[in-house]
Amino acid sequence: MRKPFIAANWKMNNTVPEAIRFVTALTSDLKAISGVDVVIAPPFTALYSAGVALADTEFYLSSQNLFWEDSGAYTGEISGPFLADVGCRYAIVGHSERRQLFSETDETVNRRLKAALRNNLVPIMCVGETLAEREANQTWDVIRRQLDGGLSGIDLAALADFVIAYEPVWAIGTGKTATSGQAQEVHGLIRRYIADKFGSAVADKTRIIYGGSVKPSNSRELLSNPDIDGALVGGASLDPKQFAAIVRSAH
Ligand code: 13P
């Protein structure tokens with residue numbers, strides 16, 4: 001049985017005081033929760049203080065990205081060892097905003113995934129199609145290409161943990177959620193892809209989470225699908241009450 005995984009991707013939101021306020025509110029609200037992996041991905045500047053605020057809790061810290069080299073003359077970049085140093089357990093890799101706005105490719109996603117693994121960070125690897133790709137019936141071609149390229153040279157069977165996030169680009173920040181059926185269909189295909197490539201035991205244990213306008217009003221239905229193991233939440237993760245409600249719906 002896969003443990004539900006609910007992650008807050010704050011994107012470029014929340015200063016240090018705001019992050020501490022959020023974590024304090026969330027941890028007191030969810031004190032009694034168990035059986036769900038709860039993950040917070042603040043911007044780089046708030047990682048350390050959010051990590052300190054999370055220290056005595058069961059919740060995990062994630063970065064939103066990482067660079068593929070570990071150190072050196074790469075002005076403005078943040079690498080795996082620095083993220084591990086501030087207490088990150090997870091790293092989001094290949095978010096569609098990185099792909100669309102910052103020229104991320106399957107090849108750079110692959111390099112970042114390898115850097116995360118080398119530094120004992122568990123990747124949350126994002127894949128997803130645009131509206132034009134969906135309308136052209138290319139959804140699975142696009143996702144298979146992202147999986148092939150991103151996972152090149154990576155053996156999921158050798159890893160204790162690896163999370164894949166299906167985030168249809170047209171559902172991100174638009175209020176337009178994939179229907180439960182649309183999301184389950186792609187999650188099922190991703191799980192079959194993992195089974196074909198790495199074996200059914202790996203497919204059975206890999207968590208595949210959904211992202212794209214997840215809110216308290218739709219999370220329970222999305223999470224009731226057999227292949228949807230959690231959620232990567234953007235907008236609704238900025239309000240501790242809404243995020244807590246989504247975590248509860250996974251319980
Ligand atoms: P929204 O929940 O705001 O649609 O964002 C989803 C997302 O991109 C999470 O990574």
Side-chain angles (χ1 to χ4, degrees), residues 5-13 39 41-43 62-66 68 90-113 116 123-152 162-194 206-219 221-223 225 227-238 242-243 246:
F5 186 101
I6 307 290
N9 175 10
W10 287 352
K11 310 190 179 184
M12 200 171 70
N13 295 288
V39 179
S62 174
S63 68
Q64 298 177 11
N65 188 22
L66 83 164
W68 53 78
Y90 294 93
I92 297 173
V93 176
H95 191 279
S96 65
E97 285 149 19
R98 303 288 328 161
R99 293 178 189 260
Q100 294 203 309
L101 304 172
F102 302 98
S103 311
E104 192 86 62
T105 64
D106 294 329
E107 202 240 318
T108 58
V109 167
N110 180 249
R111 294 169 85 172
R112 291 181 208 272
L113 288 173
I124 303 171
M125 177 195 186
C126 302
V127 296
E129 82 288 2
T130 63
L131 185 59
E133 290 162 344
R134 173 163 284 266
E135 286 175 345
N137 290 320
Q138 293 169 347
T139 299
W140 180 243
D141 289 344
V142 169
I143 290 165
R144 189 179 43 209
R145 191 196 68 223
Q146 291 172 341
L147 291 168
D148 281 344
L151 294 174
S152 170
F162 193 94
V163 179
I164 296 177
Y166 169 54
E167 297 206 310
V169 178
W170 48 272
I172 295 179
T174 57
K176 222 171 159 187
T177 320
T179 63
S180 190
Q182 284 171 322
Q184 164 58 30
E185 184 187 8
V186 176
H187 282 238
L189 291 169
I190 295 173
R191 197 170 311 282
R192 194 171 326 142
Y193 172 99
I194 299 170
T206 301
R207 284 170 301 179
I208 306 172
I209 64 174
Y210 170 81
S213 299
V214 175
K215 9 181 209 280
S217 58
N218 60 24
S219 57
E221 191 191 337
L222 284 161
L223 295 168
N225 286 287
D227 291 305
I228 302 184
D229 306 316
L232 183 53
V233 187
S237 79
L238 297 175
Q242 285 195 46
F243 185 66
I246 294 169

Rounded to the nearest 0.5 angstrom, the OG1-CG distance for T139 and L189 is 9.5 Å

Test of understanding: with side-chain contact (heavy atoms from CB on, under 4.5 Å), list the residues that count as partners of A7, not counting sequence neighbours.
F5, V39, L232

As a quick check of understanding, evaluate side-chain hydrogen bond (donor to acceptor under 3.5 Å, both in side chains) for E129 and W170, giving each step before the final call.
CA-CA 8 Å; E129 82 288 2; W170 48 272; 2.9 Å; yes

Side-chain donor or acceptor of W68 paired with backbone N/O of T108 under 3.5 Å
no

Testing the basics here: between A116 and A91, what is the closest heavy-atom pair and its distance to 0.1 Å?
CB-CB, 4.5 Å

Treating N225 as the side-chain partner and D227 as the backbone partner, does any N or O pair qualify as donor plus acceptor under 3.5 Å?
no

Is the shortest side-chain heavy-atom distance between F162 and L113 below 4.5 Å?
yes

Quick check: closest heavy atoms across A178 and A171, and the distance to 0.1 Å?
N-CB, 4.2 Å

Could you grab the distance from atom OG1 of T206 to atom CD1 of I194, nearest 0.5 Å is fine?
4.5 Å

Can you tell me how the ring of H187 sits relative to the ring of Y210, calling it parallel under 30°, perpendicular over 60° and tilted otherwise?
tilted

Locate the shortest heavy-atom distance separating L151 from Y193; write the atom from each residue and the value.
CD1-CE2, 4.2 Å

So, applying salt bridge (charged side-chain N to carboxylate O under 4.0 Å, His left out) with D106, which one of R144, R145, R98 is it?
R145

Is I172 close to Q100 at the side-chain level, that is, under 4.5 Å between some pair of heavy atoms?
no

Looking at every non-hydrogen atom in both residues, tell me the closest pair between I92 and A41 and how far apart they are.
CD1-CB, 3.9 Å

Heavy-atom pair of closest approach, residues N110 and S152:
ND2-O, 2.8 Å

Any side-chain to backbone donor/acceptor pair from S237 onto F243? Under 3.5 Å, distance only.
no

I need the minimum non-hydrogen distance between P216 and I246, along with the two atoms involved.
N-CG1, 3.7 Å

Hey, is CD on Q138 packed in by over 12 heavy atoms from elsewhere, all under 6.0 Å?
yes

To the nearest 0.5 Å, how far apart are CG in L131 and NZ in K176?
5.5 Å

Take V214 and I6, measure what side-chain contact (heavy atoms from CB on, under 4.5 Å) needs, and give me the verdict at the end.
CA-CA 11 Å; V214 175; I6 307 290; over 6 Å; no

Trace of the side-chain contact (heavy atoms from CB on, under 4.5 Å) decision for V186 with R134
CA-CA 11 Å; V186 176; R134 173 163 284 266; 3.9 Å; yes

Just wondering, do I143 and Q146 contact through their side chains at under 4.5 Å, heavy atoms?
yes

When you compare the side chain of I124 with that of I209, does any pair of heavy atoms fall below 4.5 Å?
yes

In this structure, which one of H95, R112, R99 forms a side chain to side chain donor-acceptor pair (under 3.5 Å) with E104?
R112

Side chains of D229 and R191 in contact at under 4.5 Å (non-hydrogen atoms):
yes

Is any side-chain heavy atom of D141 closer than 4.5 Å to one of E133?
no

